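Remember, it's a predicted structure, so these values are computed and weren't measured experimentally.
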Amino acid sequence: MDKPGNQVHPMREPPAMKEAVPFSPYSREPGVVRTLAQLPESYLLYIGPVACARHDYLSGMYGFPDRISYLCLQELDVILGRTEVLVHEAVAEIRTRIAPKAKAVILYTGCQNSLSGVDFDALVRKLRETHGLLFTYCNMNHMLRLGSGNVYPLLFRGLLQMLDDAKPCGEEQQAQGHAVNLLCRSLKLHTGNDLPQLLARWELGELRGFGSAPSLEEVKQMAGARLNVVTHPDLLPAAKDMEERWGTAWMYLPASYRLEEIDKQYEELASFFGKEAEAGAARREAEEKTARVRELLEGAPVLLDGACFLKPLSAARFLLEEGFRISRVQHLPDLKQCGKTDPEGLAWLQEHDSRLLEFPPNASPAGQWELHCMTSHLSDAAKPLEGSWFGYSAVSHLMERLEQAWVKQTAALANRKEEQAG
């Protein structure tokens, strides 16, 4: 017999006129500039054609206007092999006039630079020698999206180059600093997560991430951690690099909302450090918020945006098990892909609610690239990433977002009725 937590809660028949609540709680992807700009005390230099710079400008400059410069190459520059010379000139101008206080410079290129034959690794080494700063190179090659990969694993590995001169700490230094890094697509947790509090109770120090350290020097301390907690597969290559370079152990704990799975994740963490797993107030808060929002919706259907989640089918399973009604999973991924990334969620829905799998996969609105770039600073980029929340806090936050979506939909319906009545 299944445990109570694995059963779908019985629901009342929803009112006949109840409309679906659109639920898109997270940004669909971090964005290249949004990712790179989180490295503290750094400056970004884009290198590539003006056509690609236009896309990047629309999506990046709104959020980080004082952190980015653009070096737009002409075709003749590439033909004559002047790229390296122009990069050296641009970096010198950044160092002397634009951002003299920057302690690191991130070079990143458009897709076409993958075909230019420039040895960016050698260029980075020369720039380090010349300026005495940290430099790294990230290849923003969107052509990878047409194959089996994407740009983000390479970007995260590029950020790790900032730790090249870092050295692992001894046991005494570890005890005084921190023991755990978080490798997630958001690069840091939002304030209010329970994981840092749990690590503090275990006397393991602060949780460290690329985006949470206030200085570049503290980012380097990530090399001395005992464990990398990886919450997204895009960070696995970076975690394996750190394991090879410094012997840092890693643990893959992807985003989850089912409390039973979160219990297991925390037990796995506790076992690694020889501690006792603690659910405590954070778990109770997640249960209470879930119950309150379920009562608030009163059986109203939810239109779930699957593009927001690493495992959209498992997210749908969580909502169904907790007594919510889902009308559809919008932007449903290809089921073959789900079979690799989310086999448990796929198997559960096939058995319990296969109706949600009958809709054909459709493209994310982010595929409408021009519109996405021009509006992302106002909409998608303003949302948190799924990786900003972990553990029981992720459940509480998801319920808060669902409540906000319900309030927004209720207000929209009320306004519509007033307009029709008038």
How far does [atom1] of [X] sit from [atom2] of [Y], to the nearest 0.5 angstrom?
X    : Y    : atom1 : atom2 : value
E322 : L319 : CD    : CG    : 8.5 Å
L71  : I47  : CG    : CD1   : 6.0 Å
E358 : D353 : CD    : CG    : 9.0 Å
F318 : L398 : CZ    : CG    : 6.0 Å
L303 : R328 : CG    : CZ    : 7.5 Å

Would you call [X] and [Y] a salt bridge, using N to O less than 4.0 angstrom?
X    : Y    : value
R201 : E203 : no
R258 : E344 : no
E321 : R317 : yes

*asked:* Taking L195's backbone N and O only, do any of them form a donor-acceptor pair with N193's side chain (distance below 3.5 Å, no angle check)?
replied: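 Between the backbone of L195 and the side chain of N193 there is no qualifying donor-acceptor contact (under 3.5 Å).
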*Examine distances only and state if a side-chain atom of E206 and a backbone atom of A200 form a donor-acceptor pair shorter than 3.5 Å.*
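Judged by distance alone, no pair lies under 3.5 Å.
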*Which one of E261, K264, K311, Q265 satisfies the side-chain hydrogen bond (donor to acceptor under 3.5 Å, both in side chains) criterion with S256?*
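Testing each of E261, K264, K311, Q265 against S256, the sole residue satisfying side-chain hydrogen bond (donor to acceptor under 3.5 Å, both in side chains) is E261.
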Only counting residues at least two apart or in another chain, list the ones meeting side-chain hydrogen bond (donor to acceptor under 3.5 Å, both in side chains) with [X].
X    : value
D342 : S314
S42  : R67
T290 : none
E93  : R97

*Take the angle between the ring planes of Y266 and Y392 and call it parallel below 30°, perpendicular above 60°, tilted in between.*
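Tilted, since the angle between the ring planes falls between 30° and 60°.
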_Please verify the inter-ring angle class for F135 with H131; under 30° counts as parallel, over 60° as perpendicular, anything in between as tilted._
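F135 and H131: tilted rings.
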With sequence neighbours excluded, what pairs up with [X] under the salt bridge (charged side-chain N to carboxylate O under 4.0 Å, His left out) test?
X    : value
R283 : D263, E287
E268 : none
K289 : E285, E400
E403 : R292

Note, [X] side chain near [Y] side chain (heavy atom, < 4.5 Å):
X    : Y    : value
L45  : I106 : no
L402 : F324 : yes
H178 : L204 : no
F309 : L304 : yes
L320 : L356 : yes
L133 : R95  : yes
K220 : L134 : yes
V87  : L123 : yes

Flag yes if more than 12 heavy atoms outside [X] fall under 6.0 Å of its [atom1] atom; otherwise flag no.
X    : atom1 : value
E243 : CD    : yes
E217 : CD    : no
K275 : NZ    : yes

Please name the pair of heavy atoms, one in [X] and one in [Y], separated by the smallest distance, quoted to 0.1 Å.
X    : Y    : result
F23  : A405 : CD1-CB, 4.0 Å
Y257 : A394 : CE2-O, 3.8 Å
S69  : I98  : OG-CD1, 3.9 Å
G387 : C184 : O-SG, 3.5 Å
R34  : S27  : NH1-OG, 3.4 Å
A20  : Q409 : O-NE2, 3.1 Å

*Positive for side chain to side chain contact (heavy atoms under 4.5 Å, CB included) with F156, one of L235, L183, D241*: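 Single pass found, and it is L235.
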*Any ring-ring contact (aromatic ring centres under 6.0 Å, His included) pairs touching residues 187-238, not counting sequence neighbours?*
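Checked against ring-ring contact (aromatic ring centres under 6.0 Å, His included) - neighbours excluded - the pairs reaching residues 187-238 are H190-W389.
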*Qualifying ring-ring contact (aromatic ring centres under 6.0 Å, His included) pairs with a residue from residues 270-293, counting only residues at least two apart or across chains*: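 Found none.
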*Side-chain donor-acceptor pair under 3.5 Å between Y137 and T109, yes or no?*
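Per modelled atom types, Y137 and T109 side chains form a pair under 3.5 Å.
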*Under the side chain to side chain contact (heavy atoms under 4.5 Å, CB included) test, which residues partner P30, sequence neighbours left out?*
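If we apply the side chain to side chain contact (heavy atoms under 4.5 Å, CB included) test to P30, skipping adjacent residues, the hits are T35, Y152, R185, L385.
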*asked:* Could you walk me through whether K383 and S24 satisfy the side chain to side chain donor-acceptor pair (under 3.5 Å) test, starting with their C-alpha distance in whole Å, then the side-chain angles of each, then the deciding distance to 0.1 Å, before giving a yes or no?
replied: CA-CA 9 Å; K383 299 177 184 177; S24 180; 2.9 Å; yes
*Identify, with sequence neighbours excluded, every residue that meets ring pair (Phe, Tyr, Trp, His ring centres under 6.0 Å) alongside Y108.*
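Y108 satisfies ring pair (Phe, Tyr, Trp, His ring centres under 6.0 Å) with Y46 only.
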*Would you check, one step at a time, whether the test side chain to side chain contact (heavy atoms under 4.5 Å, CB included) holds for Y252 with L236?*
CA-CA 8 Å; Y252 182 51; L236 286 173; 4.1 Å; yes
